[in-house]
Amino acid sequence: MPPPHDAPSAAELVTAVREFLERDVLPGLEGRTRFHALVASNVLSVVEREIRLGAEQAVEHAARLEDLGYRDDAALAAAIRAGDLDARYAEVKSALTAVVRDKLLVSNPAYLDG
């Protein structure tokens with residue numbers, strides 16, 4: 001862990017809280033409280049994956065945008081709406097498929113298994 005922060009890292013802290021919820025808290029809960037604890041556990045899982053994958057995904061996303069010739073998502077979306085990229089359909093589809101895959105890897109990787 002780089003200075004000025006010491007161990008445990010943010011990722012380790014999030015993992016510890018999620019594991020505490022799953023192992024020690026959830027088994028004793030029922031009903032609405034159990035549902036909210038499951039939601040909290042799921043949120044922590046998303047945060048764990050974003051911490052682990054986010055920086056690399058951001059670099060890859062920026063490279064995809066650059067390859068398409070756009071500075072950000074808004075500019076790319078405007079170009080798609082305007083039809084400016086119709087001739088590059090396969091390239092745009094590939095880039096957007098990668099974006100959706102990256103988002104699912106963080107939000108719910110189980111969707112990629114189906």
Side-chain angles (χ1 to χ4, degrees):
M1 173 124 229
H5 304 287
D6 299 320
S9 68
E12 291 167 331
L13 292 169
V14 170
T15 299
V17 172
R18 181 189 49 75
E19 289 174 351
F20 167 72
L21 283 173
E22 291 173 357
R23 293 179 188 159
D24 299 328
V25 176
L26 277 165
L29 298 177
E30 295 178 5
R32 184 172 190 244
T33 307
R34 179 174 173 75
F35 171 76
H36 286 289
L38 285 167
V39 170
S41 177
N42 186 55
V43 167
L44 292 170
S45 293
V46 171
V47 172
E48 286 177 287
R49 290 187 295 269
E50 188 171 338
I51 288 170
R52 189 176 71 249
L53 302 171
E56 182 179 340
Q57 287 180 339
V59 169
E60 292 168 353
H61 184 65
R64 284 190 296 266
L65 285 171
E66 185 177 332
D67 289 347
L68 291 170
Y70 295 92
R71 68 185 176 284
D72 57 31
D73 290 340
L76 176 60
I80 291 170
R81 279 192 300 275
D84 297 343
L85 293 167
D86 289 355
R88 296 170 68 189
Y89 173 81
E91 185 181 359
V92 172
K93 179 183 175 187
S94 176
L96 295 179
T97 299
V99 169
V100 171
R101 185 178 190 289
D102 284 353
K103 289 180 183 213
L104 287 172
L105 282 171
V106 170
S107 66
N108 193 339
Y111 283 137
L112 295 171
D113 295 337

Colleague: If the condition is side-chain contact (heavy atoms from CB on, under 4.5 Å), which residues does Val59 pass it with, not counting sequence neighbours?
Modeller: none

Colleague: List the steps, then state whether side-chain contact (heavy atoms from CB on, under 4.5 Å) holds for Leu29 with Leu38.
Modeller: CA-CA 10 Å; Leu29 298 177; Leu38 285 167; over 6 Å; no

Colleague: Which atom names give the shortest non-hydrogen contact between Leu44 and Val17, and what distance separates them?
Modeller: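 For Leu44 versus Val17, the nearest heavy atoms are CD1-CG1, 3.5 Å.
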
Colleague: Going by the rule side-chain contact (heavy atoms from CB on, under 4.5 Å), which residues pair with Arg52 if we only count those two or more places apart in sequence or in a different chain?
Modeller: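 Arg52 satisfies side-chain contact (heavy atoms from CB on, under 4.5 Å) with Arg49 once adjacent residues are dropped.
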
Colleague: When clusters are formed by joining ILVMFWY residues with side-chain heavy atoms under 4.5 Å apart, either directly or through shared neighbours, do Phe20 and Val14 land in the same one?
Modeller: yes

Colleague: Could you list the residues that satisfy salt bridge (Lys or Arg N to Asp or Glu O under 4.0 Å) with Glu91, not counting sequence neighbours?
Modeller: Arg88

Colleague: Closest heavy-atom contact between Pro109 and Leu105?
Modeller: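 Looking at all heavy atoms of both residues, the shortest contact is CG-O, 3.6 Å.
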
Colleague: Any side-chain hydrogen bond (donor to acceptor under 3.5 Å, both in side chains) pairs touching residues 61-70, not counting sequence neighbours?
Modeller: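 Qualifying pairs: His61-Asp73, Arg64-Asp102.
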
Colleague: Using the side-chain contact (heavy atoms from CB on, under 4.5 Å) criterion, which residues pair with Ala40? Sequence neighbours excluded.
Modeller: Leu21

Colleague: Checking Thr97 side chain against Lys93 main chain: does a donor-acceptor pair fall under 3.5 Å?
Modeller: yes

Colleague: Is there a path of hydrophobic side-chain contacts, each under 4.5 Å between heavy atoms of I/L/V/M/F/W/Y residues, joining Val47 to Leu53?
Modeller: no

Colleague: Could you walk me through whether Leu65 and Arg71 pass side-chain contact (heavy atoms from CB on, under 4.5 Å), step by step?
Modeller: CA-CA 6 Å; Leu65 285 171; Arg71 68 185 176 284; over 6 Å; no

Colleague: Applying salt bridge (Lys or Arg N to Asp or Glu O under 4.0 Å), which residue pairs with at least one partner in residues 14-27 are found, sequence neighbours left out?
Modeller: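 Every pair satisfying salt bridge (Lys or Arg N to Asp or Glu O under 4.0 Å) with a residue in residues 14-27: Arg18-Glu22, Arg18-Glu48, Glu19-Arg23.
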
Colleague: Which other residues end up in the same hydrophobic cluster as Tyr89, if Ile, Leu, Val, Met, Phe, Trp and Tyr are linked when side-chain heavy atoms come under 4.5 Å apart?
Modeller: none

Colleague: Only counting residues at least two apart or in another chain, list the ones meeting salt bridge (Lys or Arg N to Asp or Glu O under 4.0 Å) with Glu60.
Modeller: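 Counting only residues at least two positions away or on another chain, Glu60 forms no salt bridge (Lys or Arg N to Asp or Glu O under 4.0 Å).
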
Colleague: Examine Val46 and Val39 and state if one hydrophobic cluster contains both, with Ile, Leu, Val, Met, Phe, Trp and Tyr joined whenever side-chain heavy atoms are less than 4.5 Å apart.
Modeller: no

Colleague: Of all heavy-atom pairs between Leu68 and Ala95, which one has the smallest distance, and what is that distance?
Modeller: CD1-CB, 3.8 Å

Colleague: Is the backbone N or O of Ala11 less than 3.5 Å from a side-chain atom of Thr15, with the two atoms forming a donor-acceptor pair by type?
Modeller: yes

Colleague: What residues form a side-chain contact (heavy atoms from CB on, under 4.5 Å) with Lys103, not counting sequence neighbours?
Modeller: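 Checked Lys103 against side-chain contact (heavy atoms from CB on, under 4.5 Å); matches are Val99.
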
Colleague: Would you give me the side-chain donor-acceptor pairs under 3.5 Å for residues 79-86, sequence neighbours excluded?
Modeller:
none

Colleague: Arg101: which residues meet the salt bridge (Lys or Arg N to Asp or Glu O under 4.0 Å) condition with it, sequence neighbours left out?
Modeller: none

